[in-house]
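Just so you know, these numbers come straight off a predicted model, no measurement behind them. For ligands, and for the atoms within them, numbers begin at 1 and follow the listed sequence.
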Amino acid sequence: MTGEKRAGERKVFVKTYGCQMNVYDSDRMIDVLATEGYVATDNAEAADLVILNTCHIREKAAEKVYSDIGRYRDVKQARALEGHRTMIAVAGCVAQAEGLEIARRAPAVDLVVGPQSYHRLPDLLVEAADRTRQSRVVATDFDVEAKFAEMPLPRPAVTASRGPTAFLTVQEGCDKFCTFCVVPYTRGAEVSRPAAQVIAEAERLAAAGVREVTLLGQNVNAYHGEGPDGGRWSLARLIYRLAEIPGLDRLRYTTSHPRDMGDDLIAAHAELPALMPYLHLPVQSGSDRILAAMNRRHVAADYLRLIERIRRARPDMALSGDFIVGFPGETDADFEATMRLVEHVRYAACFSFKYSPRPGTPAAGDADQVAEAVKSERLQRLQALINDQTHEFNAATVGKAVDVLIEKAGRHRGQLVGRSPWLQPVHIDGPAEWIGSVRKVAIERAEGFSLFGCVLSTPDAEGRMMSATMTCAG
Ligand code: SAH
Ligand code: SF4
Ligand code: F3S
């Protein structure tokens, strides 16, 4: 009967915090657990296993985890009264960074599992379920190659639940050691997956109906995986190969470091229609003094020159970035340098954050921390500038016909939402069968951070585009 549990079936609820790699990892954990008879649920109260896939990047993100553990501990206790056992696992970057502390602070947690141990989840759960154990199970080894080799390929059901777009991790970890950042400690050293593994996974995704793949890595453009020919493949080489997979119309990658932007990758943007004209290229600050203190190992002028080269190769390239305001020692003049850099680049979108001191990172101990009020004021000014640029960027699309990959149903009946090549959300009216197809859309207006338009053409049975004005009036 529907709604009733099959014998042996167990339910897993996963809550994901943080970056896109965590979204990817959460799905892979569900895939691994499927081999043990687990099915995903979005109702924590019905779950036999609750996994919190956590983020350690800023203090707020990490602290939220402890309050959430409290909430799921209550669920666990309520279920216990009804005779059900609930296991709580903490995964992700907080698990890696604070494993023992979690076990100490939160006795309701049965298992702590770092990002490099997800392939061991079934065994770890058996271990954690052993009621005779005196201590929690904490698995925080760095064994990323074993993980990638042993994780199952994505299962079509999980892939399909995400619609026509998918993430695919090609590189994990970071050797850059920016002085503010926990990632080198939580994700470990930079490791690239062998190209053959990535190709197999991408083929699998395409076969399950995925049209757009975003390649993930903390330093994705430093990718240097083993090629099927035994040599090292760059990210560009990998992208050319992935572009040959039938059905994969769109390829993206994130996050790139300015120092690893190879000539071949820039050239790929000029040559490959499947490689979307959008690049997330964080610079963090416009001040050379702060960039040096952050250990970014480039100056602002290097970044601007790089952007010039990228725009020469692909004039319509949309750029996005990350910024930190109030890094220790940041003066008004340093902050103004950041504002000038943003004005110069003209971003399509950006993320910006107040500096958050992270335990164990070099900058956290600096004496010249910036006052909270100063950070807030700078963040507000920077975000206002960035928002203006996003609105300007979106307004420039109005009146144009753009290709939109339709991803899902919109909030209103009959509405669909997709993305332009430049990652702008586009709302149109149309039938649900259009989800998963690329349509030519006339952009009529920009509102908030979204675009609204109508479909100009729709493919016929042979896939040819016809200028059927399905939703455009007249
Ligand atoms: N791998 C990515 C960064 C991942 S973290 C990269 O190299 O760009 C995403 C963003 O969080 C960073 O780009 C940075 O802007 C921000 N961030 C990282 N550590 C931070 C900290 N301690 N305080 C505030 N923001 C931080
Ligand atoms: Fe963190 Fe810097 Fe590595 Fe990005 S490049 S993950 S900001 S250490
Ligand atoms: Fe957060 Fe870890 Fe990603 S710290 S941003 S979940 S790599």
Side-chain angles (χ1 to χ4, degrees), residues 15-26 52-65 90-98 114-116 118 140 144 167 169-191 215-223 253-261 279-286 290-291 293-298 303 319-328 330 338 349-366 369-370 372 375-376 378-379 382-383 386:
K15 176 159 181 184
T16 307
Y17 312 67
C19 64
Q20 292 149 320
M21 193 173 285
N22 265 9
V23 174
Y24 173 83
D25 286 344
S26 289
L52 306 182
N53 191 10
T54 62
C55 173
H56 201 245
I57 203 79
R58 282 167 291 274
E59 192 182 352
K60 249 193 213 144
E63 274 309 311
K64 190 163 187 310
V65 172
V90 177
C93 290
V94 179
Q96 187 65 44
E98 298 181 4
Q116 312 310 348
Y118 297 153
T140 48
V144 65
F167 296 129
T169 294
V170 300
Q171 176 277 327
E172 188 164 346
C174 183
D175 298 338
K176 293 282 192 293
F177 290 94
C178 300
T179 56
F180 52 82
C181 184
V182 293
V183 170
Y185 313 97
T186 63
R187 294 273 170 178
E190 195 191 292
V191 173
L215 307 178
L216 298 182
Q218 272 85 34
N219 245 291
V220 73
N221 58 345
Y223 176 86
Y253 57 94
T254 197
T255 295
S256 298
H257 193 289
R259 279 177 59 98
D260 295 317
M261 205 63 214
L279 180 62
H280 185 57
L281 196 64
V283 64
Q284 314 295 354
S285 170
I290 296 296
L291 286 171
M294 287 175 162
N295 191 31
R296 294 290 293 183
R297 289 179 284 174
H298 64 78
Y303 181 78
L319 286 152
S320 68
D322 291 342
F323 290 90
I324 294 178
V325 301
F327 184 82
E330 188 187 69
T338 297
C350 281
F351 298 99
S352 48
F353 314 96
K354 285 192 246 184
Y355 170 69
S356 168
R358 306 306 293 127
T361 59
D366 286 2
Q369 300 290 328
V370 173
E372 193 56 30
K375 285 188 201 171
S376 299
R378 286 179 187 166
L379 186 67
L382 177 60
Q383 290 188 337
I386 290 165

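With D322, I57, V183 as candidates, the residue nearest to atom 13 (O) of ligand 1 on a non-hydrogen basis is D322.
For the 3.5 Å distance criterion, the side chains of E59 and S356 fail to qualify, holding no donor opposite an acceptor. Side-chain N/O atoms of E172 and Q116 include a donor and acceptor closer than 3.5 Å.
Under a 4.0 Å N-O distance rule, the pair K354/E372 qualifies as a salt bridge.
A distance-only check finds no donor-acceptor pair linking the side chain of D260 to the backbone of N221 [under 3.5 Å]. Under the 3.5 Å distance criterion, the side-chain polar atoms of Q96 are left unmatched by any main-chain donor or acceptor of E98. Although no hydrogens or angles enter the test, the distance criterion places a donor-acceptor pair under 3.5 Å between the side chain of N22 and the main chain of T54. Side-chain N or O atoms of R259 include one that pairs as donor or acceptor with a backbone N or O of R297 at under 3.5 Å.
Residue R187 places no heavy atom under 4.0 Å from ligand 2. Every heavy atom of K176 sits 4.0 Å or more from the atoms of ligand 1. Using a 4.0 Å heavy-atom cutoff, R58 is listed among the residues neighbouring ligand 1.
Near F180, meaning under 4.0 Å from one of its heavy atoms, ligand 2 places the atoms 7 (S). For ligand 1 and T255, the ligand atoms under 4.0 Å from any heavy atom of the residue are 2 (C), 6 (C), 8 (O).
The proximity of Q284 to ligand 1, defined as any non-hydrogen pair under 4.0 Å, is limited to the side chain. With a 4.0 Å cut-off on non-hydrogen atoms, F180 touches ligand 1 through its backbone as well as its side chain. By the criterion of a heavy-atom distance under 4.0 Å, the side chain of P282, and not its backbone, is placed next to ligand 1.
Between Y355 and F327, the ring-plane angle classifies as perpendicular under the 30° and 60° cut-offs.
The two atoms that bring S285 and T338 nearest to each other are OG-OG1, 3.5 Å, heavy atoms only. The nearest pair of heavy atoms linking R296 to V283 is NE-O, 4.1 Å. Between S256 and P282, the shortest heavy-atom distance links the atoms O-CD, 3.2 Å.
Here atom 3 (Fe) of ligand 3 has protein N, O or S atoms under 2.8 Å from it, and they come to 1.
For atom 4 (C) of ligand 1, no protein heavy-atom neighbour is found at a distance under 4.0 Å.
Around atom 3 (Fe) of ligand 2, the protein contributes the following N, O or S atoms at distances under 2.8 Å: C174 SG.
Rounding to the nearest 0.5 Å places NE2 of H56 at 9.5 Å from OG1 of T361.
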